[in-house]
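Here the structure is laid out as structure tokens; the discussion comes afterwards.
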Amino acid sequence: MTTPHANPEDLDLYALGALDGEEKQSLEVHLRDCSYCQQQLVAARQRTALVGLAAPPVAPRPQVKAALMDKVRAEKQSAASPTPSSKARKKRWGLRFSFGFGLATAALALATFELAKQDLDRGEQLRQLQAQHAQDAAALQAMGQVTGAPDSAQITLLQQPNGPPGQAHMLYNARMGMGVYSGQIAPAPSGKSYQLWLVPSSGAPVSAGLVDANQQNGAVVVRLSPGLAAKAFAVTLEPQGGRPQPTGPMVLVGAAG
Amino acid sequence: MTAQPQPVPDSALIESMRTGDEAALSTLYDRYSAMLLGMLMRILRDPQAAEEVLQDIFLQLWRNAAQFDAARGSLPAWLMVIGRNRAISRLRGRRDREVLEEEEGDYANTFASGQNIEDEAQRAQLARNMAAALGQLPVEQRQAVELAYFEGMTQSEIATQTGIPLGTIKTRVRTAMQSLRQIMA
């Protein structure tokens, strides 16, 4: 009796993205454990990827490249220099973020002071704490900009059906490309990380970095590209360290606007 | 006979991008933007939308250069897979969940190692061969493949749209892909 490998027709359809319904689910289950069919799928993908080349090439207008390179340069400059401070107008819920960071910053400042008093031999530890303090101070300043800006949007991210319990809040300013995330989710399984994504109105999600399961009292500042508008934010469960594009299930989702 | 200068490998350009080298992105854009835009235009049939997607893809490449693993697949394969997914998402107004399902692993091994499409002449030849191969297929087979690839339709949607039984659609796609494999061999 031969091994019931996947139907070759289904592999071609799957590679084309055309297989659907129960057949797709069954094939995906089979592929997890069948190395032969995995190899057949690679071959099917090699064939299907070539289909796109059949479309005649079209040279883009020069403006497209110019605009792309302008954005790239703007991002480089933005990464090199912090966004200037905006007019302060604190929102009440933003105080929670400020409180978490304020506590952390004050604790670090105190620890730094105590260490300085105690022992000069602990210079390296002191320098590390000072560096951490500077980072947190910068984060606090960035958070103040986002919470104080009148055009910042509040988004609540809610748990998904059959997903782990949790909820999070995001305060995001598209103009600055900056946000503040706070939330709590059930601990991630071993070897997994929670990753935050900005979902734009078009195009693929943009990673906003890893987030801790318990980010309730220590909000995290998220820096993206200035001008990057969000249709939604989502948290997915990814392999440890995160991925360039989402691969795991969505755990929390919240629509913006 | 003069020797043609060898193009800088994609892997070296990606490495340069990781250090913030804009010229490396510019070279990759010049190398692959026309190939990519051709496919995007075919799917979206809207020059402005296609150019927006094109720009997004290269911007993502710039932002994620540090994470791109050349060992997992070729750059043009990644560009074509991501470009197609995004264009179809836009065309069909897919929801967030479906956009999020874009699997990064899809690009792995999507072009066979013998296909050196970093070289412009070889890439152009491969494209001509593929267009000719598709052209040699019976109309009904070509239509099934094109509806799946360029319209992003599932087999059920193709069957519904064409009024042809699902089993027949499956057979047509399979036969078409077998023929393409023989023609391109």
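Residue numbers start from 1 in every chain, and the chains themselves are labelled A, B, ... in the order their sequence lines are given, proteins ahead of strands.
With a 4.5 Å cut-off on non-hydrogen atoms, Ser26(B) touches chain A through its backbone and its side chain both. Heavy atoms of Tyr29(B) lying under 4.5 Å from chain A belong exclusively to its side chain. Contacts of Glu23(A) with chain B are made by side-chain atoms alone, with heavy-atom separations under 4.5 Å and no backbone atom involved. When heavy atoms are compared at a cutoff of 4.5 Å, Met153(B) approaches chain A solely by way of its backbone atoms N, CA, C and O. Proximity to chain A is limited to the side chain of Leu54(B), based on heavy atoms less than 4.5 angstrom apart. When heavy atoms are compared at a cutoff of 4.5 Å, Arg63(B) approaches chain A solely by way of its side chain, counted from C-beta outward.
A distance of 11.0 Å separates CD1 in Ile57(B) from CG in Leu68(A), rounded to the nearest 0.5 Å. Taken to the nearest 0.5 Å, the CG atom of Leu166(B) stands 8.5 Å off from the CG atom of Leu13(A). If you take CG on Leu16(A) and CZ on Arg84(B), they are separated by 6.5 Å, rounding to the nearest 0.5 Å.
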Check your understanding: Passes salt bridge (Lys or Arg N to Asp or Glu O under 4.0 Å), Lys170(B) versus Asp10(A)? Steps please.
Key -> CA-CA 8 Å; Lys170(B) 280 174 175 284; Asp10(A) 287 347; 2.7 Å; yes
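What you find for Val58(A) and Met41(B) is that their closest heavy atoms are CG2-CG, 4.5 Å. Counting all heavy atoms, side chain and backbone alike, Leu53(A) lies closest to Met80(B) at N-CE, 3.8 Å. Taking all atoms of both residues into account, the shortest heavy-atom contact from Gln55(B) to Val64(A) is NE2-O, 3.5 Å. Taking every heavy atom of both residues into account, Ser156(B) and Asp20(A) meet most closely at OG-OD2, 2.8 Å. When all heavy atoms are compared, the tightest approach of Met69(A) to Glu22(B) is CE-O, 3.4 Å. Ser33(B) approaches Pro60(A) most closely through the heavy-atom pair OG-CG, 3.6 Å.
The candidate from Leu19(A), Val51(A), Leu11(A) with the greatest count of non-hydrogen atom pairs under 4.5 Å with chain B is Val51(A). Per-residue heavy-atom pair counts under 4.5 Å with chain B were compared for Ala15(A), Ala67(A), Gly17(A), Gly21(A), and the maximum is reached by Ala67(A). Most heavy-atom pairs under 4.5 Å with chain A: of the set Glu52(B), Arg128(B), Glu146(B), Arg174(B), this distinction falls to Arg174(B).
Trp62(B) has its side chain within reach of Glu75(A): a pair of non-hydrogen atoms, C-beta onward, lies under 4.5 Å apart. Within the 4.5 Å cutoff, side-chain heavy atoms of Lys65(A) are placed close to those of Asp30(B). Looking at Gln178(B) and Pro8(A), their side chains never come closer than 4.5 Å, going by heavy atoms from C-beta outward.
Remark: Gln63(A) CD is packed, more than 12 non-hydrogen atoms of other residues, nucleotides or ligands lying under 6.0 Å away.
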